[in-house]
2 protein chains.
Amino acid sequence: MSAGVNLKELAAELKLSPSTVSRALNDSYEISEETKKKVVSMAEKLNYQPNPFARSLRENKSKTIAVVMPERMSSFFAKVIDGIEEVTQQHGYHLLVYSTHEDVEREKKIVNLLMNGRADAIVMSVSSQTSDISHLTRLHDRGFPLVFFDRICPDIPTTKFITNDYESSFEGTKHLIQQGCRKIAFLMLSKELSITKERYRGYLDALKSAGLSPEPSLHITCAHEEEKNIEAIRNMLLSKERPDGIVSSVEKLALATYHAVKRTDIKIPEDLKIISFFSNLSIAGLLTPSLTTITQPAFSIGEECAKMLIKKLTKPRQPDLPNQVISIPSKITIRSSTIAV
Amino acid sequence: MSAGVNLKELAAELKLSPSTVSRALNDSYEISEETKKKVVSMAEKLNYQPNPFARSLRENKSKTIAVVMPERMSSFFAKVIDGIEEVTQQHGYHLLVYSTHEDVEREKKIVNLLMNGRADAIVMSVSSQTSDISHLTRLHDRGFPLVFFDRICPDIPTTKFITNDYESSFEGTKHLIQQGCRKIAFLMLSKELSITKERYRGYLDALKSAGLSPEPSLHITCAHEEEKNIEAIRNMLLSKERPDGIVSSVEKLALATYHAVKRTDIKIPEDLKIISFFSNLSIAGLLTPSLTTITQPAFSIGEECAKMLIKKLTKPRQPDLPNQVISIPSKITIRSSTIAV
DNA sequence: TATAATTTCGAAAACGTTTCCGTATTTAAA
DNA sequence: TTTAAATACGGAAACGTTTTCGAAATTATA
């Protein structure tokens, strides 16, 4: 491992004290322009790189933000992180990224590890197993900057970024009804999740306002293995109460539905219409038939999370992150899977 | 922000010196079992969390590994990172993740930032623009632990993890030929990339061994926007030299091909057969027709990268990372897109 | 019993920054 | 001309660990 010069050596080379060099590099007003020039040019010549740990130790901040999310293999989360990175990188921040794999125990472990100050803030989307949120409240109670996105904890008084889950789901369901559906299924992740609650509520209200009543056997909760999901959906599709429409509150289950349909002789959209929350637009257009989607503004959500945190972390005397829910609307794109025939 | 006790305060509480407490917590042989118990239990009681920066500064290591890759929105890279995380997490390492967005300037910036020791090692897959590799050689020359995967730099003498690109491409092309294709196109990312070179070579050799000759107009290089790719492929499909088979060396271009085909009346596999390097298996089976794939062992590649680095970083006197290319075979799964008709 | 070895712990240095404090020199104000 | 303020820098402490060195107390050896 190579050394590289440190501040003391750089100072010796310049015949200046370390304090002066440090101040010169940090553009302090106490240093003359002349010596600043000298210091900067020598620093470049010797390729001086400040030690981030010494700096973190002294300043008590790491210039690092942690992202904790349930999975990586999802275009939604990938885009959110891209959005976060876009703004944090401009401010010289680094990103620690963790996947909980939908496992609350892993989530707890990660959060507890992060409590030691390795990161200056956390942006988080909870696992589908997370119902006990004591590890997160503890974090927040300690004054640790924390924002949520998508899968939020409503009870923790901090800033949360979501899409208009209720309205999108309502509109999506309404769209199915307008296209003639009368028995509409709802596919979801764990019922604990904020997003499923909201989307479920939107779905129910849309049914109600159309005079339709929900059918419990048409409400499917996500299992861990894809194959199980496919079979559960297939069974529903072949059951007595078979639906003529599906609202999927999560990308994964829309794909599982297409798999399930492939194993039957059901035709989309003739026998079954489907709309889904979905982020991978390229794929949505490629499915047969192409899928009507509710697209969440993933990149923007990431950007907004990051902006909020950067402001909190870089401005001098910022108040706590306000207890508010910021909603960025989704966009419904109608494709073939919901065309009335 | 909350404090939490530090070592000195913990020591004061125990009426011991900081050095003793430190040694007790690190299970040093110099400390009696009795005081170890006391220290550990008090540490738990006060929820003592060692400051990672003080530790990093003192020990000159960060327990952090950086991952630098060209994009996040790819199931291949997502799976690789999952694999890396799987083993690093077990050893208490953290992951800094960076996306270059296929931009070599961003890649350089990131690599230069990492030179200051924020991470103990880097696992890297270069951008498609990367031809000048001086930023990477400099890193390696300084003795910085560095491994490559997938898109490697052959000229940097360190460990690289790839799949059997040449053979897979050869076999994939051969498969098309066996299914009756005679004019086979090749879709690729930048020609600079190790993977395209190898896969292209496999493709060419397969053509040659079948007595076929390559047609330059059937070799398409990836552009930045998806739409451009789709149009380029569509133009090729409608040109005079239209192919009856396609080998796509990258997932993105297989999807672009399906988009392009949708805009013509060409039928897969009747008029055109296609095979592609592809990681998103669920999607591959859902495309119409389902796509014959060459699946890289993404998760394993990630695991192996991490294992190699962990060994280097945790064992006491390890030699430099050996200059070798480790290949983990891909798996070809034949689906409908290459069925002879 | 005297000496050597072992066990168990403490004091202090070190890691590389930033910043508080002090001070010499120069410039402005009285 | 005398005093006050501004400018430009150095010395040293501090951040929270780990570890080197040393030493006291205990145990084993001669």
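All values below come from the heavy atoms of this structure, side chains included, with hydrogens, waters and symmetry mates left out. Here is the naming used below: chain letters follow the sequence lines, and residue numbers restart at 1 for every chain.
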| task | Measure from CD on E9(A) to P on dA14(C) and round the result to the nearest Å. | result | 15 Å
| Does a side-chain N or O from Y48(B) land closer than 4.0 Å to OP1 or OP2 of dT17(D), or not? | yes
| task | Assign each of F53(A) and V21(B) to its nearest nucleotide of DNA chain C by heavy atoms, then name whichever residue's nucleotide is nearer the 5' end. | result | V21(B)
| Base dT17(C) to side chain R58(A), donor-acceptor N/O within 3.5 Å cut-off | no
| query | Using a cut-off of 4.0 Å on non-hydrogen atoms, how would the nucleic acid contact of S19(B) be classed: base, sugar-phosphate, or nothing? | reply | base
| Considering only dT17(D), dG10(C), dC9(D), which nucleotide approaches the side chain of S32(A) most closely? | dC9(D)
| said: On DNA chain C, compare the nucleotides closest to S17(B) and E59(B); which residue's is nearer the 5' end? | reply: S17(B)
| R23(A) CZ to dC9(D) P: how many Å, rounded? | 10 Å
| Between N51(B) and dG16(D), does any side-chain N or O lie under 4.0 Å from OP1 or OP2? | no
| message | Can you list everything that forms a side-chain contact (heavy atoms from CB on, under 4.5 Å) with N26(B)? Sequence neighbours excluded, please. | response | S22(B), R55(B)
| NZ of K8(B) versus C1' of dG10(C): gap in Å, rounded? | 15 Å
| query | Looking only at side-chain N and O atoms, does N26(B) come under 4.0 Å of OP1 or OP2 in dT18(D)? | reply | yes
| query | CG of L16(A) versus P of dG11(D): gap in Å, rounded? | reply | 11 Å
| message | Quick check for you: among dG16(D), dT17(D), dT8(C), whose closest atom lies nearest to any side-chain atom of P50(B)? | response | dT17(D)
| Heavy atoms under 4.0 Å, any strand shown: does E34(B) hit a base, just sugar-phosphate, or nothing? | nothing
